[in-house]
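Here is the structure we will look at, set down as C-alpha coordinates.
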Amino acid sequence: MSISKTASGKSSSPSTIDKRLQIEHLISPTQPSETELNAGSDAISGLTQTPKSLPARYFYDDRGSQLFEQICELPEYYPTRTEAAILHQYAGEIARLTGPCEIVELGSGSSTKTRILLDAYNELGYPLRYLPIDVSAGILESSARDLLAEYPLLQIYGLVSTYELALQRLTPTQLPSRMISFLGSSLGNFSPQECDVFFSQITGAMDSGEYFLLGVDLQKSKDVLEVAYNDSQGVTAAFNLNMLHHLNRRFEGNFDTAQFEHLAFYNESQHQIEMHLRSMRSQSVQLRALDLTVEFEAGETILTEISRKFDLNTMQQELKSRGIVPLQTWTDPNHWFGLLLCQMQPPESTKIAD
Ligand code: AVI
(Lines give C-alpha, C1' and ligand atoms only; values in the text may rest on other atoms or scores of the structure.)
Protein backbone atom coordinates (compact mmCIF):
# COMPACT_ATOMS: atom_id res chain seq x y z
CA MET A 1 0.00 0.00 0.00
CA SER A 2 1.39 3.44 -0.84
CA ILE A 3 1.46 6.01 1.94
CA SER A 4 1.61 9.75 1.21
CA LYS A 5 3.62 12.12 3.41
CA THR A 6 1.66 15.14 4.64
CA ALA A 7 2.89 18.70 5.12
CA SER A 8 2.95 18.05 8.88
CA GLY A 9 5.12 14.96 8.37
CA LYS A 10 2.25 12.60 9.24
CA SER A 11 1.07 9.99 6.77
CA SER A 12 -2.24 9.58 5.00
CA SER A 13 -3.08 6.21 3.49
CA PRO A 14 -5.24 5.97 0.35
CA SER A 15 -8.09 4.48 2.39
CA THR A 16 -8.30 7.47 4.76
CA ILE A 17 -8.16 9.73 1.72
CA ASP A 18 -11.14 7.96 0.16
CA LYS A 19 -13.14 8.41 3.36
CA ARG A 20 -12.52 12.16 3.32
CA LEU A 21 -13.34 12.65 -0.37
CA GLN A 22 -16.71 12.95 -2.01
CA ILE A 23 -17.14 14.11 -5.59
CA GLU A 24 -20.48 14.75 -7.21
CA HIS A 25 -20.81 15.12 -10.98
CA LEU A 26 -23.42 17.69 -11.93
CA ILE A 27 -22.11 17.53 -15.49
CA SER A 28 -20.52 14.60 -17.32
CA PRO A 29 -20.19 13.36 -20.90
CA THR A 30 -23.55 11.59 -20.46
CA GLN A 31 -25.11 14.51 -18.61
CA PRO A 32 -23.79 17.56 -20.46
CA SER A 33 -24.42 21.08 -19.22
CA GLU A 34 -26.69 23.49 -21.07
CA THR A 35 -23.53 25.13 -22.47
CA GLU A 36 -22.26 21.82 -23.85
CA LEU A 37 -25.63 21.01 -25.39
CA ASN A 38 -25.40 24.33 -27.22
CA ALA A 39 -21.75 23.72 -28.16
CA GLY A 40 -21.11 24.99 -31.63
CA SER A 41 -24.08 27.33 -31.81
CA ASP A 42 -22.06 29.97 -29.91
CA ALA A 43 -19.15 29.45 -32.33
CA ILE A 44 -21.49 29.80 -35.30
CA SER A 45 -23.03 33.01 -34.00
CA GLY A 46 -19.62 34.48 -33.10
CA LEU A 47 -18.05 33.66 -36.47
CA THR A 48 -21.00 34.90 -38.53
CA GLN A 49 -21.28 38.31 -36.87
CA THR A 50 -19.25 41.45 -37.59
CA PRO A 51 -16.78 41.92 -35.96
CA LYS A 52 -16.13 38.21 -35.40
CA SER A 53 -15.69 36.73 -31.93
CA LEU A 54 -15.39 33.36 -30.20
CA PRO A 55 -16.25 32.45 -26.58
CA ALA A 56 -13.18 32.31 -24.33
CA ARG A 57 -14.31 28.91 -23.03
CA TYR A 58 -12.87 27.38 -26.24
CA PHE A 59 -9.37 28.12 -24.86
CA TYR A 60 -9.65 25.38 -22.31
CA ASP A 61 -9.06 21.97 -23.83
CA ASP A 62 -6.27 19.89 -22.18
CA ARG A 63 -3.51 21.71 -24.09
CA GLY A 64 -5.13 25.10 -23.40
CA SER A 65 -5.30 24.38 -19.67
CA GLN A 66 -1.61 23.38 -19.69
CA LEU A 67 -0.68 26.55 -21.55
CA PHE A 68 -2.66 28.63 -19.05
CA GLU A 69 -0.70 27.01 -16.19
CA GLN A 70 2.49 28.05 -18.04
CA ILE A 71 1.19 31.60 -18.47
CA CYS A 72 0.75 31.85 -14.70
CA GLU A 73 4.50 31.18 -14.28
CA LEU A 74 5.68 33.72 -16.88
CA PRO A 75 7.83 36.60 -15.64
CA GLU A 76 5.64 39.10 -17.51
CA TYR A 77 2.31 37.70 -16.20
CA TYR A 78 2.16 39.39 -12.80
CA PRO A 79 -1.47 38.61 -11.68
CA THR A 80 -0.99 35.06 -10.33
CA ARG A 81 2.19 35.88 -8.43
CA THR A 82 0.85 39.14 -7.07
CA GLU A 83 -2.42 37.63 -5.84
CA ALA A 84 -0.51 34.73 -4.21
CA ALA A 85 1.75 37.22 -2.41
CA ILE A 86 -1.27 39.13 -1.07
CA LEU A 87 -2.83 35.86 0.08
CA HIS A 88 0.41 34.80 1.78
CA GLN A 89 0.54 38.07 3.64
CA TYR A 90 -3.11 38.28 4.68
CA ALA A 91 -4.49 34.70 4.83
CA GLY A 92 -4.18 34.71 8.63
CA GLU A 93 -6.21 37.92 8.82
CA ILE A 94 -8.84 36.48 6.46
CA ALA A 95 -9.16 33.34 8.64
CA ARG A 96 -9.44 35.43 11.82
CA LEU A 97 -12.13 37.62 10.23
CA THR A 98 -14.28 34.74 8.97
CA GLY A 99 -13.74 32.28 11.84
CA PRO A 100 -14.22 28.59 11.05
CA CYS A 101 -15.81 28.23 7.63
CA GLU A 102 -16.15 25.96 4.66
CA ILE A 103 -14.09 27.19 1.69
CA VAL A 104 -15.94 26.98 -1.62
CA GLU A 105 -13.76 27.69 -4.64
CA LEU A 106 -15.18 28.54 -8.05
CA GLY A 107 -12.91 27.30 -10.85
CA SER A 108 -10.59 25.51 -8.45
CA GLY A 109 -8.20 24.11 -11.12
CA SER A 110 -5.01 22.92 -9.44
CA SER A 111 -6.09 24.50 -6.10
CA THR A 112 -2.64 26.10 -5.69
CA LYS A 113 -3.83 29.24 -3.88
CA THR A 114 -6.19 27.21 -1.71
CA ARG A 115 -3.19 25.79 0.17
CA ILE A 116 -2.36 29.28 1.42
CA LEU A 117 -5.88 29.62 2.88
CA LEU A 118 -5.95 26.06 4.24
CA ASP A 119 -2.62 26.65 6.02
CA ALA A 120 -4.03 29.76 7.70
CA TYR A 121 -7.23 28.02 8.88
CA ASN A 122 -5.18 25.00 9.98
CA GLU A 123 -2.83 27.17 12.02
CA LEU A 124 -5.78 28.59 13.94
CA GLY A 125 -6.97 25.05 14.65
CA TYR A 126 -10.15 25.50 12.61
CA PRO A 127 -11.84 22.49 10.97
CA LEU A 128 -10.89 22.19 7.30
CA ARG A 129 -13.66 21.65 4.79
CA TYR A 130 -13.14 22.47 1.13
CA LEU A 131 -15.64 22.47 -1.71
CA PRO A 132 -13.85 22.82 -5.07
CA ILE A 133 -15.96 23.44 -8.17
CA ASP A 134 -14.54 22.82 -11.62
CA VAL A 135 -15.76 21.64 -15.01
CA SER A 136 -12.75 19.33 -15.39
CA ALA A 137 -13.32 16.10 -13.42
CA GLY A 138 -9.70 14.98 -13.94
CA ILE A 139 -8.05 18.12 -12.50
CA LEU A 140 -10.59 18.32 -9.67
CA GLU A 141 -10.04 14.76 -8.50
CA SER A 142 -6.24 14.74 -8.79
CA SER A 143 -5.83 18.05 -6.94
CA ALA A 144 -8.33 16.93 -4.28
CA ARG A 145 -6.32 13.74 -3.67
CA ASP A 146 -3.06 15.73 -3.44
CA LEU A 147 -4.63 18.09 -0.89
CA LEU A 148 -6.05 15.24 1.20
CA ALA A 149 -2.61 13.63 1.32
CA GLU A 150 -1.13 16.91 2.56
CA TYR A 151 -3.84 17.82 5.11
CA PRO A 152 -4.85 14.83 7.25
CA LEU A 153 -7.83 16.62 8.80
CA LEU A 154 -9.24 18.01 5.58
CA GLN A 155 -12.65 16.93 4.23
CA ILE A 156 -13.38 17.59 0.56
CA TYR A 157 -16.72 17.63 -1.15
CA GLY A 158 -16.09 18.46 -4.82
CA LEU A 159 -18.54 19.39 -7.54
CA VAL A 160 -17.77 18.71 -11.20
CA SER A 161 -19.93 21.49 -12.49
CA THR A 162 -20.31 24.87 -14.11
CA TYR A 163 -20.45 27.80 -11.64
CA GLU A 164 -24.08 28.35 -12.44
CA LEU A 165 -25.28 24.82 -11.64
CA ALA A 166 -23.06 24.51 -8.56
CA LEU A 167 -24.28 27.82 -7.11
CA GLN A 168 -27.86 26.63 -7.52
CA ARG A 169 -27.05 23.37 -5.72
CA LEU A 170 -25.05 24.52 -2.68
CA THR A 171 -26.52 22.93 0.42
CA PRO A 172 -26.19 24.45 3.93
CA THR A 173 -22.71 24.00 5.36
CA GLN A 174 -21.95 21.90 8.45
CA LEU A 175 -19.48 24.55 9.66
CA PRO A 176 -20.46 27.85 11.32
CA SER A 177 -20.01 29.74 8.05
CA ARG A 178 -18.97 29.52 4.43
CA MET A 179 -16.67 31.54 2.17
CA ILE A 180 -17.03 31.43 -1.61
CA SER A 181 -13.73 32.34 -3.24
CA PHE A 182 -13.36 33.54 -6.82
CA LEU A 183 -9.70 34.23 -7.40
CA GLY A 184 -7.32 34.98 -10.27
CA SER A 185 -9.41 37.87 -11.65
CA SER A 186 -11.53 35.42 -13.63
CA LEU A 187 -14.26 38.01 -13.14
CA GLY A 188 -12.33 40.15 -15.65
CA ASN A 189 -13.17 37.70 -18.43
CA PHE A 190 -16.90 38.44 -18.00
CA SER A 191 -18.61 41.28 -19.87
CA PRO A 192 -20.47 43.77 -17.62
CA GLN A 193 -23.73 41.89 -18.42
CA GLU A 194 -22.17 38.53 -17.54
CA CYS A 195 -20.84 40.07 -14.30
CA ASP A 196 -24.36 41.15 -13.47
CA VAL A 197 -25.69 37.63 -13.92
CA PHE A 198 -22.76 36.17 -11.95
CA PHE A 199 -23.30 38.48 -8.95
CA SER A 200 -27.00 37.58 -8.92
CA GLN A 201 -26.04 33.90 -8.84
CA ILE A 202 -23.66 34.61 -5.94
CA THR A 203 -26.26 36.50 -3.93
CA GLY A 204 -28.81 33.77 -4.69
CA ALA A 205 -26.45 31.10 -3.37
CA MET A 206 -25.28 32.79 -0.17
CA ASP A 207 -26.96 33.13 3.19
CA SER A 208 -26.62 36.35 5.16
CA GLY A 209 -23.42 36.50 7.19
CA GLU A 210 -21.52 34.25 4.73
CA TYR A 211 -18.32 35.45 3.07
CA PHE A 212 -17.17 36.12 -0.49
CA LEU A 213 -13.45 36.41 -1.31
CA LEU A 214 -12.78 38.05 -4.66
CA GLY A 215 -9.45 38.61 -6.46
CA VAL A 216 -9.42 41.32 -9.14
CA ASP A 217 -6.74 42.69 -11.43
CA LEU A 218 -6.52 46.48 -11.12
CA GLN A 219 -6.12 49.28 -13.68
CA LYS A 220 -2.49 50.17 -14.33
CA SER A 221 -0.15 51.42 -17.03
CA LYS A 222 -0.71 50.16 -20.56
CA ASP A 223 2.96 49.11 -20.77
CA VAL A 224 2.78 46.68 -17.87
CA LEU A 225 -0.53 45.26 -19.14
CA GLU A 226 0.43 44.82 -22.79
CA VAL A 227 3.67 43.03 -21.92
CA ALA A 228 1.75 40.61 -19.66
CA TYR A 229 -0.38 39.51 -22.62
CA ASN A 230 2.46 39.57 -25.20
CA ASP A 231 5.13 37.54 -23.41
CA SER A 232 8.56 37.11 -24.95
CA GLN A 233 8.35 33.27 -25.04
CA GLY A 234 5.14 33.35 -27.07
CA VAL A 235 3.14 31.24 -24.57
CA THR A 236 0.14 33.60 -24.63
CA ALA A 237 0.24 33.57 -28.45
CA ALA A 238 0.25 29.73 -28.40
CA PHE A 239 -2.65 29.78 -25.90
CA ASN A 240 -4.64 32.08 -28.18
CA LEU A 241 -3.89 30.12 -31.37
CA ASN A 242 -4.66 26.82 -29.60
CA MET A 243 -8.32 27.85 -29.71
CA LEU A 244 -8.25 27.21 -33.47
CA HIS A 245 -6.74 23.70 -32.98
CA HIS A 246 -9.48 23.03 -30.45
CA LEU A 247 -12.19 24.14 -32.89
CA ASN A 248 -10.61 22.04 -35.68
CA ARG A 249 -10.73 18.94 -33.50
CA ARG A 250 -14.16 19.55 -32.07
CA PHE A 251 -15.96 20.63 -35.20
CA GLU A 252 -13.93 18.99 -38.03
CA GLY A 253 -12.42 22.34 -38.95
CA ASN A 254 -9.54 23.30 -41.23
CA PHE A 255 -8.20 26.51 -39.62
CA ASP A 256 -4.54 26.85 -40.70
CA THR A 257 -3.00 28.32 -37.54
CA ALA A 258 0.04 29.54 -39.51
CA GLN A 259 -2.31 31.94 -41.28
CA PHE A 260 -3.48 33.66 -38.07
CA GLU A 261 -1.54 35.75 -35.59
CA HIS A 262 -1.95 36.66 -31.93
CA LEU A 263 -2.89 40.25 -31.17
CA ALA A 264 -3.36 41.64 -27.64
CA PHE A 265 -3.70 45.29 -26.67
CA TYR A 266 -5.13 47.43 -23.88
CA ASN A 267 -8.34 49.26 -24.75
CA GLU A 268 -7.89 52.22 -22.41
CA SER A 269 -11.40 53.61 -22.66
CA GLN A 270 -12.96 50.23 -21.78
CA HIS A 271 -10.19 49.36 -19.26
CA GLN A 272 -9.74 45.96 -20.83
CA ILE A 273 -7.13 43.84 -22.53
CA GLU A 274 -8.52 42.48 -25.77
CA MET A 275 -7.09 39.35 -27.31
CA HIS A 276 -7.72 38.73 -30.98
CA LEU A 277 -6.64 36.32 -33.71
CA ARG A 278 -5.82 38.22 -36.92
CA SER A 279 -6.17 36.59 -40.33
CA MET A 280 -2.91 37.18 -42.20
CA ARG A 281 -4.54 36.86 -45.62
CA SER A 282 -7.94 36.51 -47.18
CA GLN A 283 -9.04 32.94 -46.65
CA SER A 284 -11.98 30.64 -46.29
CA VAL A 285 -12.33 28.18 -43.38
CA GLN A 286 -14.72 25.25 -43.04
CA LEU A 287 -16.11 23.74 -39.83
CA ARG A 288 -17.75 20.63 -41.32
CA ALA A 289 -19.52 19.43 -38.17
CA LEU A 290 -21.24 22.81 -37.94
CA ASP A 291 -21.93 22.97 -41.68
CA LEU A 292 -20.23 26.36 -41.65
CA THR A 293 -17.90 28.18 -44.07
CA VAL A 294 -16.32 31.38 -42.80
CA GLU A 295 -14.72 33.98 -45.06
CA PHE A 296 -11.88 36.15 -43.71
CA GLU A 297 -10.47 39.30 -45.27
CA ALA A 298 -6.74 39.96 -44.89
CA GLY A 299 -6.26 41.65 -41.50
CA GLU A 300 -9.71 40.72 -40.19
CA THR A 301 -9.79 39.79 -36.49
CA ILE A 302 -11.67 37.41 -34.18
CA LEU A 303 -12.08 38.68 -30.59
CA THR A 304 -11.25 35.69 -28.34
CA GLU A 305 -11.09 37.27 -24.87
CA ILE A 306 -11.57 40.41 -22.86
CA SER A 307 -9.71 40.78 -19.57
CA ARG A 308 -11.18 43.70 -17.68
CA LYS A 309 -9.10 45.69 -15.22
CA PHE A 310 -10.94 47.14 -12.27
CA ASP A 311 -10.92 50.15 -9.99
CA LEU A 312 -10.98 48.97 -6.38
CA ASN A 313 -13.31 51.71 -5.09
CA THR A 314 -15.80 51.23 -7.90
CA MET A 315 -15.78 47.47 -7.31
CA GLN A 316 -16.42 48.00 -3.60
CA GLN A 317 -19.41 50.25 -4.38
CA GLU A 318 -20.74 47.79 -6.93
CA LEU A 319 -20.56 44.87 -4.50
CA LYS A 320 -22.09 46.89 -1.70
CA SER A 321 -25.00 47.93 -3.88
CA ARG A 322 -25.78 44.22 -4.29
CA GLY A 323 -25.69 43.47 -0.59
CA ILE A 324 -22.21 41.91 -0.77
CA VAL A 325 -20.52 44.21 1.74
CA PRO A 326 -16.72 44.59 1.57
CA LEU A 327 -15.23 44.12 5.06
CA GLN A 328 -11.58 44.50 4.15
CA THR A 329 -9.51 44.97 1.00
CA TRP A 330 -5.82 44.29 0.45
CA THR A 331 -3.44 45.12 -2.38
CA ASP A 332 0.26 44.69 -3.15
CA PRO A 333 2.77 47.57 -2.83
CA ASN A 334 2.30 48.50 -6.54
CA HIS A 335 -1.52 48.40 -6.23
CA TRP A 336 -1.62 46.04 -9.21
CA PHE A 337 -4.02 43.48 -7.77
CA GLY A 338 -6.84 43.63 -5.24
CA LEU A 339 -8.30 41.09 -2.84
CA LEU A 340 -11.69 41.82 -1.28
CA LEU A 341 -13.25 39.97 1.63
CA CYS A 342 -16.98 40.65 1.66
CA GLN A 343 -19.90 39.53 3.77
CA MET A 344 -23.49 39.00 2.69
CA GLN A 345 -25.73 41.47 4.42
CA PRO A 346 -29.08 40.29 5.80
CA PRO A 347 -32.03 40.83 3.45
CA GLU A 348 -33.74 44.23 3.97
CA SER A 349 -36.76 42.66 5.65
CA THR A 350 -34.77 41.10 8.49
CA LYS A 351 -32.74 44.24 9.30
CA ILE A 352 -33.56 45.87 12.61
CA ALA A 353 -34.34 49.57 12.16
CA ASP A 354 -31.97 51.83 14.09
C1 AVI B 1 -8.15 33.35 -16.66
N2 AVI B 1 -7.95 34.80 -16.85
C3 AVI B 1 -8.13 35.52 -15.59
C4 AVI B 1 -6.72 35.17 -17.57
C5 AVI B 1 -6.63 36.70 -17.74
O6 AVI B 1 -5.58 37.26 -17.45
O7 AVI B 1 -7.62 37.31 -18.13
C8 AVI B 1 -6.67 34.49 -18.95
C9 AVI B 1 -5.47 34.88 -19.76
N10 AVI B 1 -5.49 35.21 -21.01
C11 AVI B 1 -4.28 35.49 -21.43
N12 AVI B 1 -3.45 35.38 -20.45
C13 AVI B 1 -4.19 34.98 -19.36
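The analysis underlying the following values was restricted to heavy atoms, covering all of them including side chains, and did not include hydrogens, waters or symmetry mates. Everything numeric here is computed off the predicted structure, so don't read it as measured data.
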Requested in this report: Any chance you could lay out the side-chain contact (heavy atoms from CB on, under 4.5 Å) test for Leu167 and Leu106, step after step, and finish with the verdict?
Outcome: CA-CA 9 Å; Leu167 289 171; Leu106 297 174; 4.2 Å; yes

Requested in this report: Show the numbers, then the answer: is there a salt bridge (charged side-chain N to carboxylate O under 4.0 Å, His left out) between Lys220 and Asp217?
Outcome: CA-CA 9 Å; Lys220 59 185 66 64; Asp217 198 9; 2.9 Å; yes

Query raised in the report: Do Leu26 and Glu24 pass the side-chain contact (heavy atoms from CB on, under 4.5 Å) test, and can you show the C-alpha distance, the side-chain angles, and the key distance before you say yes or no?
Result: CA-CA 6 Å; Leu26 301 186; Glu24 198 180 332; 3.6 Å; yes

Requested in this report: Applying ring pair (Phe, Tyr, Trp, His ring centres under 6.0 Å), run through Phe265 and His276 and close with a yes or a no.
Outcome: CA-CA 9 Å; Phe265 57 86; His276 297 258; 5.3 Å; yes

Requested in this report: Evaluate side-chain contact (heavy atoms from CB on, under 4.5 Å) for Phe255 paired with Leu287, printing each intermediate quantity in order.
Outcome: CA-CA 8 Å; Phe255 275 107; Leu287 291 160; 4.1 Å; yes

Query - Gln328/Glu93 under side-chain contact (heavy atoms from CB on, under 4.5 Å): CA gap, chis, key distance, verdict - result: CA-CA 10 Å; Gln328 185 70 262; Glu93 204 172 325; 3.6 Å; yes

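Within a 6.0 Å sphere centred on CG of Asp62, other residues, nucleotides and ligands contribute 12 heavy atoms or fewer. Heavy atoms of other residues, nucleotides or ligands lying less than 6.0 angstrom from NZ of Lys320 number 12 at most. Within a 6.0 Å sphere centred on CZ of Arg63, heavy atoms belonging to other residues, nucleotides or ligands number 12 at most.
Remark: Ser208 OG to Gln345 CD distance equals 9.0 Å, nearest 0.5 Å. The CZ atom of Phe199 lies 6.0 Å from the CG atom of Leu214; values are rounded to the nearest 0.5 Å. Expressed to the nearest 0.5 Å, how far CD of Glu76 lies from CD of Glu226 amounts to 13.5 Å. In this structure, CD1 on Ile180 lies 9.0 Å from CG on Leu131, to the nearest 0.5 angstrom.
Side chains of Thr304 and Asn240: a donor-acceptor N/O pair is present below 3.5 angstrom, by distance only. Side-chain contact annotation: Asp256 with Gln283, donor-acceptor N/O pair under 3.5 Å absent. Glu105 and Thr114 share a donor-acceptor pair across their side chains, judged by distance under 3.5 Å alone. Asn254 and Gln286 are linked by a side-chain donor-acceptor pair at a separation below 3.5 angstrom, with hydrogens and angles left out of the test.
Leu175 approaches Pro127 most closely through the heavy-atom pair CD2-CG, 3.8 Å. Closest approach of Tyr157 to Pro132, counting heavy atoms only: O-CD, 3.6 Å. For the residue pair Asp134 and Leu140, the shortest heavy atom distance occurs at N-CD1, 3.5 Å. Contact record, Ala56 with Met243: CA-CE, 4.0 Å, taken as the closest heavy-atom pair.
Considering only heavy atoms from C-beta on, Asn242 stays 4.5 Å or farther from Phe59 through its side chain. Leu47 has its side chain within reach of Leu54: a pair of non-hydrogen atoms, C-beta onward, lies under 4.5 Å apart. Side-chain contact between Val325 and Leu319 is absent, with no heavy-atom pair separated by less than 4.5 Å. At a threshold of 4.5 Å between non-hydrogen side-chain atoms, the residues Cys342 and Tyr211 do not count as touching.
A salt bridge is defined here as a Lys NZ or Arg NE, NH1 or NH2 lying under 4.0 Å from an Asp or Glu carboxylate O, and Asp61 with Arg250 fails to meet this definition. A salt bridge links Arg322 to Asp196: at least one charged side-chain nitrogen sits closer than 4.0 Å to a carboxylate oxygen.
Hydrophobic cluster membership is shared by Phe182 and Leu165, with clusters built from Ile, Leu, Val, Met, Phe, Trp and Tyr side chains linked at under 4.5 angstrom. When hydrophobic clusters are built by joining Ile, Leu, Val, Met, Phe, Trp and Tyr residues whose side-chain heavy atoms come closer than 4.5 Å, directly or via intermediates, Leu187 is grouped together with Ile103. There is no path of hydrophobic side-chain contacts, each under 4.5 Å, that joins Tyr78 to Leu312. Hydrophobic cluster membership differs between Met275 and Phe310, with clusters built from Ile, Leu, Val, Met, Phe, Trp and Tyr side chains linked at under 4.5 angstrom. A continuous path of ILVMFWY side-chain contacts below 4.5 Å connects Val235 to Tyr60, so both sit in one hydrophobic cluster.
Ring-plane geometry between Trp330 and Tyr90 is classed as parallel, the angle between the planes falling under 30 degrees on a 0 to 90 degree scale with a further cut at 60. Relative orientation of the Phe68 and Phe239 rings is tilted, given thresholds of 30° and 60° on the angle between their planes.
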Pairs of donor and acceptor atoms involving the side chains of residues 290-302, under 3.5 Å and at least two apart or interchain, shall be tabulated with distances.
unit_1	atom_1	unit_2	atom_2	d
Glu300	OE1	Glu297	N	2.9
Glu300	OE2	Lys52	NZ	2.6

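At distances below 3.5 Å, at least one donor-acceptor pair connects side-chain atoms of Glu194 with backbone N or O atoms of Ser191. No side-chain donor-acceptor contact under 3.5 Å links Gln343 to the backbone of Ile324. Formation of a donor-acceptor pair under 3.5 Å by the Arg169 side chain with backbone atoms of Ser161 is not found in this model.
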